[in-house]
Protein chains: 2
Amino acid sequence: MAKAERIRIYDVARVAGVSVATASKALNDTGRMTEATRLRVKQTAAALGFRPNAMARALTQNRSFTVGLLTNDTYGRFTLPVMAGINEALVDQGVSVFLCGIEDDAELGAVHVNAMLDKQVDGIIATGKRIDRQLPVDLSGLAVPVVYAFTQGPEGAVTLVSDDAQGARDATLHLTAVGRRRLVHVTGPDSFASVRTRAGAFREVAGDEAPVLHGAWSEAWGHEAVARLWAEGNPPDGIFCGNDQIARGVIDALRERGVSVPDAVSVIGFDNWEIVAAATRPPLTTIDMNLKELGREAGRLILELAEGKPVEPGIRTLPCKLVMRQSCGGATPVADKLEVHQEV
Amino acid sequence: MAKAERIRIYDVARVAGVSVATASKALNDTGRMTEATRLRVKQTAAALGFRPNAMARALTQNRSFTVGLLTNDTYGRFTLPVMAGINEALVDQGVSVFLCGIEDDAELGAVHVNAMLDKQVDGIIATGKRIDRQLPVDLSGLAVPVVYAFTQGPEGAVTLVSDDAQGARDATLHLTAVGRRRLVHVTGPDSFASVRTRAGAFREVAGDEAPVLHGAWSEAWGHEAVARLWAEGNPPDGIFCGNDQIARGVIDALRERGVSVPDAVSVIGFDNWEIVAAATRPPLTTIDMNLKELGREAGRLILELAEGKPVEPGIRTLPCKLVMRQSCGGATPVADKLEVHQEV
DNA sequence: CGTGATTGAGAAACCGTTTTATCAAGACTG
DNA sequence: CAGTCTTGATAAAACGGTTTCTCAATCACG
């Protein structure tokens, strides 16, 4: 469509019969001039299909309308929803996002950070796959603002995390709400902060004696946990799993044992990884961490920082929400697609 | 670390006792000068920690060292490996990647494309979740080069796809290699070009009469297909599935029926979606589409195009490769992590 | 009606590079 | 030794915008 030569502001000015200075001011709604002139310039620009060269603009304003997103989450399980939220918050402002996957390689991280800085990013958002670990790069003392989303930042940084405690509490409360009394929590390794937080919240609701089983973040561990629980007497009637993969393993194992979900046992997961949660039989009731909203918020914050507005440092906690499907019984099952995309 | 003021080339020039022109040429290995001068400038630049302002550079060279990646694959199943490859090919060249998810929204697509063009991207790579569909944006006649990776481009475009036929052939051959004779193909909807290609290749090897069952791309369909196949007499002893999710459904259904995989039946998938393939019991032998390599190639091509080098248009086909795990028997099972990351 | 304040618009400087054109000095050439 | 060729380096002009000054024309006011 648009071919060869790009329209420059110079062209707009000439056609509109004004100087470039006036044209610039007209288009940016700055400076003083007749409303008529401003309108004429704007219409001319629109008619000519003028799109300002972002590079030139960046050079003078020292703003590139670009932010960098750094992640070490290769599969994108966490990064993609966050990214979607960020983009959503920024696209209207004309801000684009550089995505850089850096594995856990410090050197690669440094390379990418430098590339970003060279490109004059207005800010950097760091995100990861684990809330209690820092990325293998030092982002402190950079000339640009940094926001940490779903990964740990240094003291005094602006950090966004989802509310593990509230999510775990809601999950456990949901189990009690559907009438379960013998609750257990099957979760990941004790070394994860979020595991400890969730386990704490679980016991807050289920009682200090309620069992918590630690293992890997895998379906296999879900199977094994069920084997253990059913080997002892008095198996649970409500299982809160640390993530959806464990939950899937648990549900599969229960079916293999002939234990009905949700009739005999309710199972609830954590993450709302749709690809897993929707494939379990029955579909998994789980906790959604609202990562997209977290991304949106991160986008908003980095923008404010980039514009020089003051942002209070510290950890901001965003609520999780319960997504009801059919693995807990009790509630009316909701159509999957609907529920998942229903968020505001 | 690096604080307040950035070092400009002006500073380097002053300290090195040369003009900015000389400094620029020294650092870019252009122009004529004593080797001594060149070296002195370079050393000064290094000592001062000079990093050129990419915006300013972009303005003169009309190259931003930036490319846009457009995708409609929300889950990142296909996009992320492609992206990883692209980044790998480009990071050494100092090129960064804008990632834009555009769902299937034409308007959103246009917004993002325009944002990219404003930022003077050197090229755009379009990728998607389906090889036979175009993205809902028109990228033809743009001022910048475009490469299509794993998505359909218009006539005469530079397009990269994985070799569905070869992959399907290899999968089927593998089933025969482990001694299977009654083969079936359980795959996705007939409307997908890759489904038809793979089915064709399957029959090429397995015989024209070999059954092909079409359904959804889901575990549920895998279950149902098994139910159907075992309802009739003479069930298959080798099943080639159109993707890993179907394969997982098939394997689960077989276990529920007490049919041993791989003793009684061999199952092979397609995609090598590790999160699925590694979680099936037994782990899934499957076909890897080499998406990362596809991304690398896309990166290389877009770079050549951006540099004005001639690139022959047309469709380039990259080979798939067989990833052996344990669902087919026959071969020595390979440790999962090893196999997956072993690629060159 | 003269004078100071306000308004609308433009000229020019600037942002940090690259690149082109220019130029002085030294190296050949005949 | 005068004239031409190289060579190494520089000044200045881009690149495409934004922003700061400056200034003439209009307006308000006593």
Side-chain angles (χ1 to χ4, degrees), chain A residues 2 4-42 44-45 48-66 94 117-122 143 307, chain B residues 2 4-42 44-45 48-66 94 117-122 143 307:
Chain A
E5 297 307 308
R6 262 185 96 107
I7 308 280
R8 303 177 318 261
I9 199 173
Y10 175 85
D11 303 314
V12 176
R14 188 169 35 73
V15 173
V18 296
S19 71
V20 273
T22 305
S24 172
K25 284 182 286 198
L27 295 172
N28 292 304
D29 282 320
T30 58
R32 293 179 312 202
M33 70 192 62
T34 328
E35 206 42 49
T37 309
R38 201 181 288 281
L39 194 65
R40 179 158 43 92
V41 174
K42 282 185 174 177
T44 314
L48 263 48
F50 168 68
R51 330 210 81 239
N53 181 323
M55 297 294 143
R57 179 178 265 173
L59 197 53
T60 50
Q61 305 198 134
N62 222 34
R63 277 209 53 193
S64 62
F65 290 90
T66 276
L117 293 178
D118 288 351
K119 300 213 164 76
Q120 310 280 114
V121 290
D122 299 336
E307 286 165 0
Chain B
E5 296 307 307
R6 261 184 97 108
I7 307 279
R8 304 178 318 262
I9 198 175
Y10 175 85
D11 303 313
V12 176
R14 188 169 34 76
V15 173
V18 297
S19 70
V20 273
T22 305
S24 172
K25 283 184 287 200
L27 295 172
N28 293 304
D29 281 319
T30 60
R32 294 179 311 202
M33 71 192 63
T34 328
E35 206 41 49
T37 309
R38 200 181 287 283
L39 194 64
R40 180 159 41 94
V41 173
K42 282 185 175 177
T44 313
L48 264 48
F50 169 69
R51 327 211 83 240
N53 182 323
M55 297 295 143
R57 178 177 266 174
L59 196 54
T60 50
Q61 305 198 133
N62 221 34
R63 276 208 55 191
S64 62
F65 290 89
T66 276
L117 293 177
D118 289 350
K119 298 208 166 81
Q120 309 281 113
V121 289
D122 298 336
E307 285 165 0

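Residue numbering restarts at 1 for every chain, and letters A, B, ... go by the order of the sequence lines. Quick caveat: nothing in here was measured; it's all calculated off a predicted structure.
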- In sequence, state the C-alpha distance, the side-chain angles, and the governing distance for A/L48 and A/R8, and then conclude on side chain to side chain contact (heavy atoms under 4.5 Å, CB included). CA-CA 10 Å; A/L48 263 48; A/R8 303 177 318 261; over 6 Å; no
Could you state the atom-to-atom distance from [atom1] of [X] to [atom2] of [N] in whole Å?
| X | N | atom1 | atom2 | result |
| --- | --- | --- | --- | --- |
| B/M33 | C/dA25 | CE | P | 20 Å |
| B/Q61 | C/dG16 | CD | P | 17 Å |
| A/R14 | D/dG16 | CZ | C1' | 15 Å |
| B/R51 | C/dG16 | CZ | C1' | 15 Å |
| A/R32 | C/dT7 | CZ | C1' | 6 Å |
| A/L27 | D/dG16 | CG | P | 16 Å |
| A/R6 | D/dC15 | CZ | P | 15 Å |
| B/R57 | D/dG17 | CZ | P | 21 Å |

- Message: Ignoring hydrogens, what is the shortest heavy-atom contact between B/G49 and B/I7? Give both atom names and the distance.
- Response: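 Shortest heavy-atom separation between B/G49 and B/I7 comes out as O-CG1, 4.4 Å.
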- Message: Whether the side chain of B/K25 and the base of D/dG8 hold a donor-acceptor pair under 3.5 Å is what I'd like checked.
- Response: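 Counting by modelled atom types and ignoring angles, no donor-acceptor contact under 3.5 Å is found here.
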Can you find a side chain N or O atom of [X] that sits less than 4.0 Å from OP1 or OP2 on [N]?
| X | N | result |
| --- | --- | --- |
| A/N28 | D/dT18 | yes |
| B/T60 | D/dA14 | no |
| B/S24 | C/dT18 | yes |

Between [options], which nucleotide gets closest to the side-chain atoms of [X]?
| X | options | value |
| --- | --- | --- |
| B/S19 | C/dT17, D/dT10, C/dA9 | D/dT10 |
| A/A21 | C/dG10, D/dT18, D/dA9 | C/dG10 |
| A/V18 | D/dG16, C/dG10, D/dC15 | C/dG10 |

- Does a side-chain heavy-atom distance below 4.5 Å link A/R32 with A/R38?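 They are not in side-chain contact.
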- Query: Is any side-chain heavy atom of A/F50 closer than 4.5 Å to a side-chain heavy atom of A/I9?
  - Reply: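 A/F50 vs A/I9: side chains touch.
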- Residue mapping more 5' on DNA chain D - nearest nucleotide basis, A/I7 or B/V20: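 Closest to the 5' end, via its nearest nucleotide, is B/V20.
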Remember a base hit wins even if backbone is also touched, and classify [X] as base, sugar-phosphate or nothing at under 4.0 Å, heavy atoms.
| X | answer |
| --- | --- |
| A/T37 | sugar-phosphate |
| A/R8 | sugar-phosphate |
| B/N62 | nothing |
| B/T34 | sugar-phosphate |

- Item | side chain to side chain contact (heavy atoms under 4.5 Å, CB included) evaluation trace for A/K119 with B/T66 | CA-CA 9 Å; A/K119 300 213 164 76; B/T66 276; 3.7 Å; yes
